[in-house]
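See below for the structure under consideration.
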Amino acid sequence: MPRLLLTGANGFVGKILTGRLQGAGYEVVALGGNVSPAQSIADEYLTCDIRDASALAQAVADAQPTHVIHLAAISHVPTSFKEPLLTWQTNVIGSMNLLEAIRQHAPDAFTLFPSSSEVYGAAFKSGIAVEEDTLPQPLNPYAASKVAAEYAFREYFRQGLDGVIARPFNHIGAQQSPDFVTASFARQIALIEAGQQTPVLKVGNLEAIRDFLDVQDVCDAYIQLLGLAGKPGHPLCLNIASGQSRKIRDVLELMLKQSQTPIAVEQDPERLRPSDIPIAAGNNTLLKQTTGWQPAIALETTLSQLLDYWREQVKTTP
Ligand code: GDD
């Protein structure tokens, strides 16, 4: 049975991906800063901070994976502005620590590195859906750290490690932190409906345009990318995008339409960023042609499930 080491296993994507990987026939060794059997359905659990090189090397030696997915990262853009050093230490040095550990203890493992569409940054300004060979022009510490980590992976791939880099666009769903836009809006709508927040929904930049995917569709793409293991000459970097970009204002409208409660919208200066990518549009042809992947879940369905999730959370959380 293939044995997959999943870093960041206790995060939003990690928790969902664990079950999906098991369903696809992988034994999952979960690695997280604070993973415990009570929190995870993984087959095994390892606790380790990826900034600790020797602890991570020991974890990889213990896990003996045939596959690795490296999700662990600081992934919130505003946090990366506030904590650039933590972001670079986690996203870049953490990735280097993992690559060295793999080289020493699991050199035959296939490694998937989820980077981010954020790496394109200023290159999005062309308005054309970016392809993978577009030169990254990051606009925040998070994106810059992901570009640096991508180059670390590429160097190990050049030296013979088998693996692939994915550049997922915004992925959303139940259990995502309300630090991110759709979860923030859904949580506020649920709180307002329950009478726990005045009927004013706080927002940041509504003019930004993003490509949203259901987290389940992104997990599907990751699992299909694992199928590239051992295939000579496979692509090294692929976008994961729906191919349809939407204005945040329109996404908010879709969500407000699903509520009976009158809600006013107010811009909160705290939610504006030192720089924000105005438009993100991605070309997904390479992923579709390479793996046959297709996004299956409509944005309206994801948003409705997200609202229901937050309505339940608000009901059950004191
Ligand atoms: N978080 C947040 N909260 N964003 C808001 C809000 C708000 O109240 N109002 C408007 N926005 C705008 C942000 O300014 C941004 O333009 C957009 O909504 C999306 O913000 P986020 O959900 O925080 O995501 P992101 O685009 O910065 O980054 C996400 O997607 C990347 C992939 O494209 C993250 O998940 C990254 O980790 C991921 O790599």
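When a ligand or atom number is given, it counts from 1 through the structure's own listing order. These numbers were taken from a predicted model, which means no experiment stands behind them.
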What's the shortest heavy-atom distance between [X] and [Y], and which atoms?
{"X": "Ile240", "Y": "Leu213", "value": "O-CD1, 3.4 Å"}
{"X": "Cys237", "Y": "Leu286", "value": "O-CD2, 3.5 Å"}
{"X": "Ala144", "Y": "Trp88", "value": "CB-CZ2, 3.6 Å"}

Find all atoms of ligand 1 within a distance of less than 4.0 Å from any non-hydrogen atom belonging to [X], and give their numbers and elements.
{"X": "Ser116", "result": "31 (C), 32 (C), 38 (C), 39 (O)"}
{"X": "Asp276", "result": "13 (C), 14 (O), 15 (C), 16 (O)"}
{"X": "Ser75", "result": "34 (C), 36 (C), 37 (O)"}
{"X": "Pro168", "result": "32 (C), 33 (O)"}
{"X": "Ala208", "result": "16 (O)"}
{"X": "Ile248", "result": "17 (C), 18 (O)"}
{"X": "Phe185", "result": "8 (O), 9 (N)"}

Arg167 vs Glu150, salt bridge (charged side-chain N to carboxylate O under 4.0 Å, His left out): CA-CA, chis, key distance, verdict: CA-CA 10 Å; Arg167 288 180 179 158; Glu150 281 193 11; 2.7 Å; yes
Which residue and non-hydrogen atom of the protein lie closest to [atom], and at what distance in Å?
{"atom": "atom 32 (C) of ligand 1", "value": "Ser117 OG, 3.4 Å"}
{"atom": "atom 35 (O) of ligand 1", "value": "Phe180 CE2, 3.5 Å"}
{"atom": "atom 12 (C) of ligand 1", "value": "Asn205 O, 3.6 Å"}
{"atom": "atom 7 (C) of ligand 1", "value": "Arg271 NH1, 3.7 Å"}

Based purely on interatomic distance, does [X] place a nitrogen or oxygen under 3.5 Å from a nitrogen or oxygen of ligand 1?
{"X": "Tyr142", "value": "yes"}
{"X": "Gly204", "value": "yes"}
{"X": "Val181", "value": "yes"}
{"X": "Gln176", "value": "no"}
{"X": "Thr182", "value": "no"}

Would you say [Y] and [X] are linked by a side-chain donor-acceptor pair, where the criterion is simply a distance under 3.5 Å?
{"X": "Gln159", "Y": "Arg103", "answer": "no"}
{"X": "Gln58", "Y": "Asp62", "answer": "yes"}
{"X": "His67", "Y": "Thr111", "answer": "no"}

Option set Lys146, Gln188, Arg210, criterion heavy-atom distance to atom 15 (C) of ligand 1, minimum: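 The nearest heavy atom belongs to Arg210.
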The one among His171, His76, Glu118, Arg273 that brings a heavy atom closest to atom 27 (O) of ligand 1: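 Among His171, His76, Glu118, Arg273, the closest heavy atom to atom 27 (O) of ligand 1 comes from Arg273.
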Applying a 4.0 Å heavy-atom criterion (strictly less than), which segment of [X] is in contact with ligand 1: side chain, backbone, both, or neither?
{"X": "Ala280", "result": "neither"}
{"X": "Phe169", "result": "backbone"}
{"X": "Asn170", "result": "both"}

Parallel, tilted or perpendicular: ring planes of Phe113 versus Phe153, cut at 30 and 60 degrees: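 Plane angle under 30°, so parallel.
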Parallel, tilted or perpendicular: rings of Phe12 and His171 (30°, 60°):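 Judged by the thresholds at 30° and 60°, the geometry between His171 and Phe12 is parallel.
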Asp276/Arg210 under salt bridge (charged side-chain N to carboxylate O under 4.0 Å, His left out): CA gap, chis, key distance, verdict: CA-CA 11 Å; Asp276 199 17; Arg210 291 287 185 278; 3.2 Å; yes
Proximity of Phe180 and His76 rings by center, below 6.0 Å: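 Yes: the rings meet the under 6.0 Å criterion.
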Check: Ile41 main-chain N/O paired with Gln22 side-chain donor or acceptor under 3.5 Å: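 Yes: the side chain of Gln22 pairs with the backbone of Ile41.
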N-O pairing of Glu300 and Arg246 below 4.0 Å: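 Answer for the salt bridge query: yes.
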Close approach of Asp179 to ligand 1, heavy atoms, under 4.0 angstrom: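 Asp179: in contact with ligand 1 (<4.0 Å).
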